[in-house]
Amino acid sequence: MFYSEKFADFITKLNFNDIPQNVIQRAKELMLDSLGTALAAHKEECVLSALSALKTSGDTVVWGQKEKIDAINATMINTIASHALDFDDTHTEAILHASAFLTPLCLSYGFSICKNAEQILKAFIVGWEVAARVGIASKGSFHQRGFHTSAIAGIFGSVSASAVLLNLNKNQIINALGLAGSFASGVNEFLSNGSNSKVLHLANVAKNGILVANLAKNNMSGPLSIFEGRDNIFKCFGIEKNSDKTELDKALGQIWQIMQVSIKPYPSCHFTHGFIECAISLKNDGLKADEIKNIHCFVDEVPISFICDPIEKKYQPKTAYEAKFSLPFLIALGFFDGKITLKSYENLTRTELINFMQKISYEKKQSTGFPKYFPGHLKATLKNGKIIQKDILINKGNFDNPLSFEELKEKFLNNAKMSLTEEKANDVLRQIINLENQNNFIL
């Protein structure tokens, strides 16, 4: 049996009532977090640019905006907003941001064609399950080839979720998964200048998932062997010899990947979070900047291309988006401020940060925890010769070191209130928490 057949069998046989309650609860928490990050991004340039480009007639709300447009374009814009601040969740082992496209796909497009909230929640869960397994199976090799894992693995999750929303049968789902491979795309060259293409990767995932599922529903065919054939996705987009395709169906329906998703406490590239905590710990030790001679970081191979290279550019981030991928900047910010919030990026020219960043260097070193965790390891050498080692093995917000529901709720409300009244933000919170009992989602 091909893996596409195994996924299709799993999707068609899965009954909402058979999904564990903690899995359903986690789905709602991830939706809540993603929705909040989207609302906080409503004034971001990339969101407004997309709205200007994609404005059409329709009756689907663009989150945080006055406009209503058609459901698919609204889904794309809401996806861009969900990912724009780099404050959205991550499946760390898969290196995947799936809630950013699955939440708009299910809440915006989903409720436009389906009034069954249980089906919408199933779509979200199924989307995460498939996309995460593709990401895990790649063993980070999509990124090593220069592709964005959320764009490559993500299309299979988007297609799977759309298949649930559109009630595709088993054969149609098999074809949809096969077709999905031809819609996988998204290169990481955005890192060269902090441009907007990264958010478009996910918008395309959402749009193309809907398109592919509709094509398959109308008898368009795709290859059965998209995961294991001669030109399978791991060969074309990853490093096939480094991949492990057995991860695709390992304990499928028993181990739920949605339970392995980490929620961000800091609005920055997730790879930096362990290092931010190390820097905050240095501050909490009472150290002063002029006492530190240098800080040397030990970074895993995959994160280096995102947060360290080229180091000269990381020392001089020109935009907030570039700063979110600068390990030196984020360590300096954590050390001086003891926290990182959305407002932390308002001033990139602070002299103390610029000077401190020059003290920070790195080397490649494999961590036993990566990529299940995004750890931080650094060595601070003081001017008096003393050496202080900081090691964060499990980053805050990881599923093994999770945010409490109260912390998640606080994050959501702080984000949501950037575009909604407090009363409306609390109303949205109640809707998501009781989503399985809703026949619509009103924002």
[X] versus [Y], closest heavy-atom pair with distance:
X      : Y      : value
Ile11  : Lys122 : O-NZ, 2.9 Å
Ala94  : Thr149 : O-CG2, 3.2 Å
Ile307 : Thr272 : CG2-CG2, 3.5 Å
Val205 : Ser150 : CG2-O, 3.7 Å

query: Would Gln257 and Ile136 satisfy side-chain contact (heavy atoms from CB on, under 4.5 Å), going step by step from the backbone distance to the final call?
result: CA-CA 10 Å; Gln257 295 304 323; Ile136 293 169; 3.3 Å; yes
Can the ring centroids of [X] and [Y] be said to lie less than 6.0 angstrom from one another?
X      : Y      : value
Phe101 : His83  : no
Phe142 : Phe147 : no
His273 : Phe374 : no
Phe356 : Phe335 : yes

task: In sequence, state the C-alpha distance, the side-chain angles, and the governing distance for Thr92 and Tyr373, and then conclude on side-chain contact (heavy atoms from CB on, under 4.5 Å).
output: CA-CA 6 Å; Thr92 52; Tyr373 309 123; 5.6 Å; no
task: Step by step, work out the side-chain hydrogen bond (donor to acceptor under 3.5 Å, both in side chains) result for Asn78 and Tyr109.
output: CA-CA 10 Å; Asn78 292 339; Tyr109 180 72; over 6 Å; no
Flag, side chain of [X] to backbone of [Y], donor-acceptor distance under 3.5 Å:
X      : Y      : result
Asp88  : Ser34  : no
Thr103 : Leu35  : no
Ser108 : Leu105 : no
Glu407 : Ser404 : yes
Ser141 : Ser243 : no
Asp337 : Lys339 : no
Thr75  : Ala71  : yes
Glu301 : Gln366 : no
Asn401 : Gly397 : no
Lys264 : Asp86  : yes

message: Here's a test for you: under salt bridge (Lys or Arg N to Asp or Glu O under 4.0 Å), which of Lys411, Arg26, Lys28, Lys409 qualifies with Asp33?
response: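 Answer after filtering Lys411, Arg26, Lys28, Lys409: Lys411.
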query: Do you know which of Lys235, Arg145, Lys245 makes salt bridge (Lys or Arg N to Asp or Glu O under 4.0 Å) with Glu240?
result: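 With Glu240 as partner, Lys235, Arg145, Lys245 yield a single salt bridge (Lys or Arg N to Asp or Glu O under 4.0 Å), made by Lys245.
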[X] atom [atom1]: more than 12 heavy-atom contacts under 6.0 Å:
X      : atom1 : answer
Lys383 : NZ    : yes
Gln389 : CD    : yes
Gln316 : CD    : no
Glu189 : CD    : no

- line: ring pair (Phe, Tyr, Trp, His ring centres under 6.0 Å) test vs Phe156 passes for just one of Phe234, Phe227, Trp128, Phe183, namely Phe227
Residues Lys314 and Asp309 bridged, charged N to O under 4.0 Å: no
message: Distance check, rounded to the nearest 0.5 Å: Ile125 atom CD1 versus Ile258 atom CD1?
response: 5.5 Å
message: Return the CD1 to CZ distance between Ile433 and Phe405, rounded to the nearest 0.5 Å.
response: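 Taking CD1 in Ile433 and CZ in Phe405, the distance rounds to 3.5 Å.
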Any side-chain donor paired with an acceptor under 3.5 Å for [X] and [Y]?
X      : Y      : result
Thr349 : Asn347 : yes
Asp427 : Gln431 : yes
Asp89  : Ser99  : yes

Side-chain donor-acceptor distances from residues 290-297 under 3.5 Å, at least two apart:
residue	atom	partner	partner atom	Å
Glu291	OE2	Lys288	N	2.7
His296	ND1	Ser361	OG	2.6
His296	NE2	Glu363	OE1	2.8

task: With sequence neighbours left out, write down each residue that passes side chain to side chain contact (heavy atoms under 4.5 Å, CB included) with Ser195, or none if nothing qualifies.
output: Phe190, Asn193, Ser197
- request: Output every pair passing salt bridge (Lys or Arg N to Asp or Glu O under 4.0 Å) with a member in residues 271-284, not counting sequence neighbours, ordered by first then second residue.
  value: none
[Y] side chain reached by [X] side chain, heavy atoms, under 4.5 Å:
X      : Y      : answer
Leu435 : Met31  : yes
Pro267 : Tyr345 : yes
His42  : Gln65  : yes

message: For Asn188 and His148: C-alpha separation, side-chain torsions, deciding distance, then whether side-chain hydrogen bond (donor to acceptor under 3.5 Å, both in side chains) applies.
response: CA-CA 6 Å; Asn188 286 330; His148 186 192; 4.7 Å; no
Non-neighbouring partners of Lys250 that pass salt bridge (charged side-chain N to carboxylate O under 4.0 Å, His left out), sequence neighbours left out: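 If we apply the salt bridge (charged side-chain N to carboxylate O under 4.0 Å, His left out) test to Lys250, skipping adjacent residues, the hits are Glu247.
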- prompt: How would you list, by chain and number, every residue that makes a salt bridge (charged side-chain N to carboxylate O under 4.0 Å, His left out) with Lys324, sequence neighbours excluded?
  reply: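 Counting only residues at least two positions away or on another chain, Lys324 forms no salt bridge (charged side-chain N to carboxylate O under 4.0 Å, His left out).
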Counterpart residues, ring pair (Phe, Tyr, Trp, His ring centres under 6.0 Å), relative to Phe329 (two or more places apart):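 Phe329 satisfies ring pair (Phe, Tyr, Trp, His ring centres under 6.0 Å) with no residue once adjacent residues are dropped.
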